[in-house]
Undergrad: 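This is the structure, below, for whatever I ask next.
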Amino acid sequence: MKIMLIFPPQGQPFLPHPATAILTAVLKRDGHDVIQRDYNIEAYESFLCPDSLAAAGISPITAAQSQKARQRIRQAGEFLEPDAYWQDILTIENCLGAVSGRRWGLKHLRMPPYRENFSSDIILAARDEERNFLIPFLREKAEEIARIAPGMLGISISWPSQLIPAFTLARLVKERMPSIHVCMGGSLVSRLSGQMAGCPGLFPFADTFVPFEGEAPLLALCQGLQTGSLQEVPGIICRERENIRQNPPPPPTPLASLPLPCYDGLPLSLYYSPGPYLPISASRGCYWGRCTFCTHHGPGTPFRQRSPEAIAEEMETMEQAHGCKNFYFVDDCLPPALAGKLAERLAGRGFRWGGEIRLERGLDAPYFRTLHRGGCRLLLFGLESACLRILELMNKGIDPGEAAGIIKAADGEGIITWVFFFLGFPGERRHEARLTLKYLIENRDHIDVIAGGTFTLTRGSTVERQPERFALGGIGKEGMGDLQLSFPFTTREGLQAPEAARLTEEFKRKDEARKFLLPFVAEPHVLFFRKSHFAVEGKRG
């Protein structure tokens, strides 16, 4: 069976997304003819080409600057030059906004008046030939798909900003090929799986949805399409006459049974990062799985991890196939013991990598020295708060003193440290929020980058499901979209959301904070900043 797998606009264009590469490998091993395309990076390149920029009234000088900006980011060699980097990012984003007439950047897309959290808006936007600026581009892609004539089209959706483009593409393909089976999956479909049954208007665009892990369901779906019955296809959401049916999911796929990702068909030289640079994973799910604000530990993706030997083999294979020495781990959080064993295997191999890791007791200087010898150059830590009471409400399993020691140890071994925090967790008092901000300043000698914001009440989190356990005064669900992923809220005590936002903005304006609250940086790009960059501008000493 001929299958086409698509990653649609708009997602971050820094690395190829691993979803289609993994599914392509699985389907090819099963004997299917698979073609994968990344229409996201193709859209960026199409709208930033000289002809598109000229049609939008952008001067040839600015168009040339945009071309050079992308080339500099791609061809930076071992390291990005910070001053040029910031200017290049600004140039690219200014051109995207001008050529689209929308709020389109490297990490976002908005198409007013349409909202991606309302299925009715998605349906209207998919048909709006006047205001949906992506339709001419996606129509060309629908014609490409029609020429290839696959029996099934799979569309992988990771971000809300992809919803309108994905359904637009599905609509255009269905107009050209009414009998094609369109299947949508991806991490966002997983997060929205509970809402799909209440959105029957989406099913003329897609025949099936596959939430959670897609390998086993997609193989079974191919077989079901060939036999003419989808009754036994595990995990799919589909329309059955007037009803929406969701089949029980399959057992978790053993990670050791999966083939290595296949990047055939993806333009690896076009992504907006120094290349070759690929995503990789050491595990699925979250081994901690207890944070009360988080939804990454749901039942659809139980935690499993790969062996260090298998991960090293993938890195070595990608080096041989694509010349890739740089990797970004996309795990919810790297299992520390596994990361240590992997680093031991990679010592002296010349690989360079980064990822997110928990602030775990016992992570010390010798541990981070091992990671650095194995190629680790960037670690992202979810501190969230420096108040022990709030950390306990979050169920983070760490205290501020231990966290400071871990960050200091990683910094001391030459690893770039990126720390996340947010203010306004339900019940957090003003002095507790200020304690977090004071903590960040006091530890700034060992923190290279900070990403801060305000608490988001996410659908399906423990806080949202059990509001009585926390200081929530009310959740504003009335009038929210049927695909809403987060909700406004009030608290019975402590900071309200507007005050938390004001405190965050005040902090960002402080001289002591400006150095590590950078105006734009993509997590994968930080791997290409010299560690010394975070010291030469006056942060240390």
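Positions are given from 1, in the same order as the sequence printed here.
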Undergrad: Thinking salt bridges, do Arg345 and Glu313 make one under a 4.0 Å N-O criterion?
TA: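 No, Arg345 and Glu313 are not salt-bridged.
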Undergrad: Check for me whether the distance between the ring centres of Phe528 and Tyr277 falls short of 6.0 Å.
TA: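 Centroid separation for Phe528 and Tyr277: below 6.0 Å.
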Undergrad: If you look at every heavy atom in Pro249 and Pro234, which pair is closest and at what distance?
TA: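 Closest heavy-atom pair between Pro249 and Pro234: C-CB, 4.2 Å.
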Undergrad: At what distance, to the nearest 0.5 angstrom, does CD of Glu309 lie from NZ of Lys341?
TA: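 Interatomic distance, Glu309 CD to Lys341 NZ, rounded to 0.5 Å: 8.5 Å.
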Undergrad: Assess whether side-chain contact (heavy atoms from CB on, under 4.5 Å) is satisfied between Tyr44 and Leu106, documenting all intermediate values.
TA: CA-CA 9 Å; Tyr44 277 98; Leu106 294 171; 3.8 Å; yes
Undergrad: For residues Tyr272 and Gln12, is any side-chain donor paired with an opposing acceptor at under 3.5 Å?
TA: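 There is no such pair (donor and acceptor under 3.5 Å, judged by atom type) between the side chains of Tyr272 and Gln12.
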Undergrad: Search all heavy atoms of Thr168 against all heavy atoms of Ala125 and return the closest pair with its distance.
TA: OG1-O, 4.2 Å
Undergrad: Atom NZ in Lys107, atom CD1 in Ile89: separation rounded to 0.5 Å?
TA: 10.0 Å
Undergrad: Kindly determine whether Asp482 and Gln195 satisfy side chain to side chain donor-acceptor pair (under 3.5 Å), including the steps that lead there.
TA: CA-CA 7 Å; Asp482 49 4; Gln195 284 75 256; over 6 Å; no
Undergrad: Give the minimum heavy-atom separation between Val330 and Pro18, together with the two atoms involved.
TA: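 Minimum heavy-atom contact is CG2-CG, 4.4 Å.
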Undergrad: Could you tell me whether Arg37 sits above the aromatic face of Tyr39, with NZ or CZ closer than 6.0 angstrom to the six-membered ring centre and within 45 degrees of the axis?
TA: no
Undergrad: Consider only side-chain N and O atoms of Asp331 and Ser283, and report whether a donor and an acceptor are under 3.5 Å apart.
TA: yes
Undergrad: Test His181 against Thr208 for side chain to side chain donor-acceptor pair (under 3.5 Å), laying out the working first.
TA: CA-CA 8 Å; His181 186 97; Thr208 53; 2.9 Å; yes
Undergrad: Pro160 pairs by side chain to side chain contact (heavy atoms under 4.5 Å, CB included) with which of Asn117, Ile122, Leu485?
TA: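 Among the candidates, only Leu485 passes.
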Undergrad: Just checking Lys325: does its NZ atom have more than 12 heavy atoms from other residues, nucleotides or ligands closer to it than 6.0 angstrom?
TA: yes
Undergrad: At what distance, to the nearest 0.5 angstrom, does CZ of Arg245 lie from SG of Cys238?
TA: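 Atom-to-atom, Arg245:CZ and Cys238:SG are 4.0 Å apart.
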Undergrad: If you apply the rule side chain to side chain donor-acceptor pair (under 3.5 Å), what do you find for Asn326 with Arg352, and how did you get there?
TA: CA-CA 5 Å; Asn326 303 301; Arg352 186 168 52 175; 3.3 Å; yes
Undergrad: To the closest 0.5 Å, what do you measure between CD1 (Ile41) and OG (Ser46)?
TA: 11.5 Å
Undergrad: I'd like to know whether Arg102 forms a side-chain contact (heavy atoms from CB on, under 4.5 Å) with Phe133, so could you lay out the CA-CA distance, the side-chain angles of the two residues, the decisive distance to 0.1 Å, and finally the verdict.
TA: CA-CA 9 Å; Arg102 300 291 186 273; Phe133 76 95; 3.6 Å; yes
Undergrad: Tell me, with the steps shown, if Phe381 and Trp418 meet side-chain contact (heavy atoms from CB on, under 4.5 Å).
TA: CA-CA 6 Å; Phe381 299 97; Trp418 176 318; over 6 Å; no
Undergrad: What's the spacing between Lys141 NZ and Leu134 CG if we round to 0.5 Å?
TA: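 The CG atom of Leu134 is 12.0 Å from NZ of Lys141, to the nearest 0.5 Å.
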Undergrad: Of Phe487, Phe489, Phe293, which is the lone residue that meets ring pair (Phe, Tyr, Trp, His ring centres under 6.0 Å) with Phe455?
TA: Phe489
Undergrad: With Thr301, which residues qualify under side chain to side chain contact (heavy atoms under 4.5 Å, CB included), at least two apart?
TA: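 For Thr301, the residues satisfying side chain to side chain contact (heavy atoms under 4.5 Å, CB included) (neighbours in sequence not counted) are Phe212, Glu213, Arg284, Arg304.
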Undergrad: Would you call Arg358 and Asp332 a salt bridge, using N to O less than 4.0 angstrom?
TA: no
Undergrad: Assess the residue pair Tyr114 and Asp128 against the criterion (side chain to side chain donor-acceptor pair (under 3.5 Å)); give the C-alpha distance rounded to whole Å, side-chain angles, the decisive distance to 0.1 Å, and a yes or no.
TA: CA-CA 10 Å; Tyr114 299 114; Asp128 190 336; 2.6 Å; yes
Undergrad: Salt bridge check, Arg349 against Glu344: does any charged N sit closer than 4.0 Å to a carboxylate O?
TA: no
Undergrad: Mind running ring-ring contact (aromatic ring centres under 6.0 Å, His included) on Phe203 and Phe209 for me, showing each step along the way?
TA: CA-CA 9 Å; Phe203 282 85; Phe209 293 91; 5.2 Å; yes
Undergrad: Hey, mind stepping through Tyr328 and Glu523 against side-chain contact (heavy atoms from CB on, under 4.5 Å) and telling me if it holds?
TA: CA-CA 9 Å; Tyr328 188 80; Glu523 290 92 328; 3.3 Å; yes
Undergrad: For Gln223, look at atom CD and say whether over 12 heavy atoms of other residues, nucleotides or ligands are found less than 6.0 Å away.
TA: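 Atom CD in Gln223 is not crowded, with 12 or fewer foreign heavy atoms closer than 6.0 Å.
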Undergrad: If a pair satisfies salt bridge (Lys or Arg N to Asp or Glu O under 4.0 Å) and one of its residues is in residues 247-269, list it, with sequence neighbours excluded.
TA: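 Qualifying pairs: Lys28-Asp264.
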Undergrad: Is a salt bridge present between Glu129 and Arg139, judged by a nitrogen-to-oxygen distance below 4.0 Å?
TA: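 Looking at Glu129 and Arg139, the cut-off is met.
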Undergrad: Roughly how far, to the nearest 0.5 Å, is SG of Cys262 from CD1 of Ile22?
TA: 11.5 Å
Undergrad: With a 6.0 Å cut-off on the ring centroids, do Phe329 and Trp353 count as close?
TA: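 Yes, close enough.
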Undergrad: Do you know the tightest heavy-atom contact between Val463 and Leu472?
TA: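 So the minimum-distance heavy-atom pair works out to O-CD1, 3.6 Å.
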Undergrad: What about the rings of Phe47 and Trp104, do their centers lie closer together than 6.0 Å?
TA: yes
Undergrad: Under a plain distance cut-off of 3.5 Å, with no hydrogens placed, do His17 and Ser156 share a side-chain donor-acceptor pair?
TA: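 Result is no, nothing qualifies.
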Undergrad: Could you check whether Glu464 pairs with Lys477 (Lys NZ or Arg NE/NH1/NH2 to Asp/Glu carboxylate O, under 4.0 Å)?
TA: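 Looking at Lys477 together with Glu464, the answer is yes, because their closest N to O distance falls below 4.0 Å.
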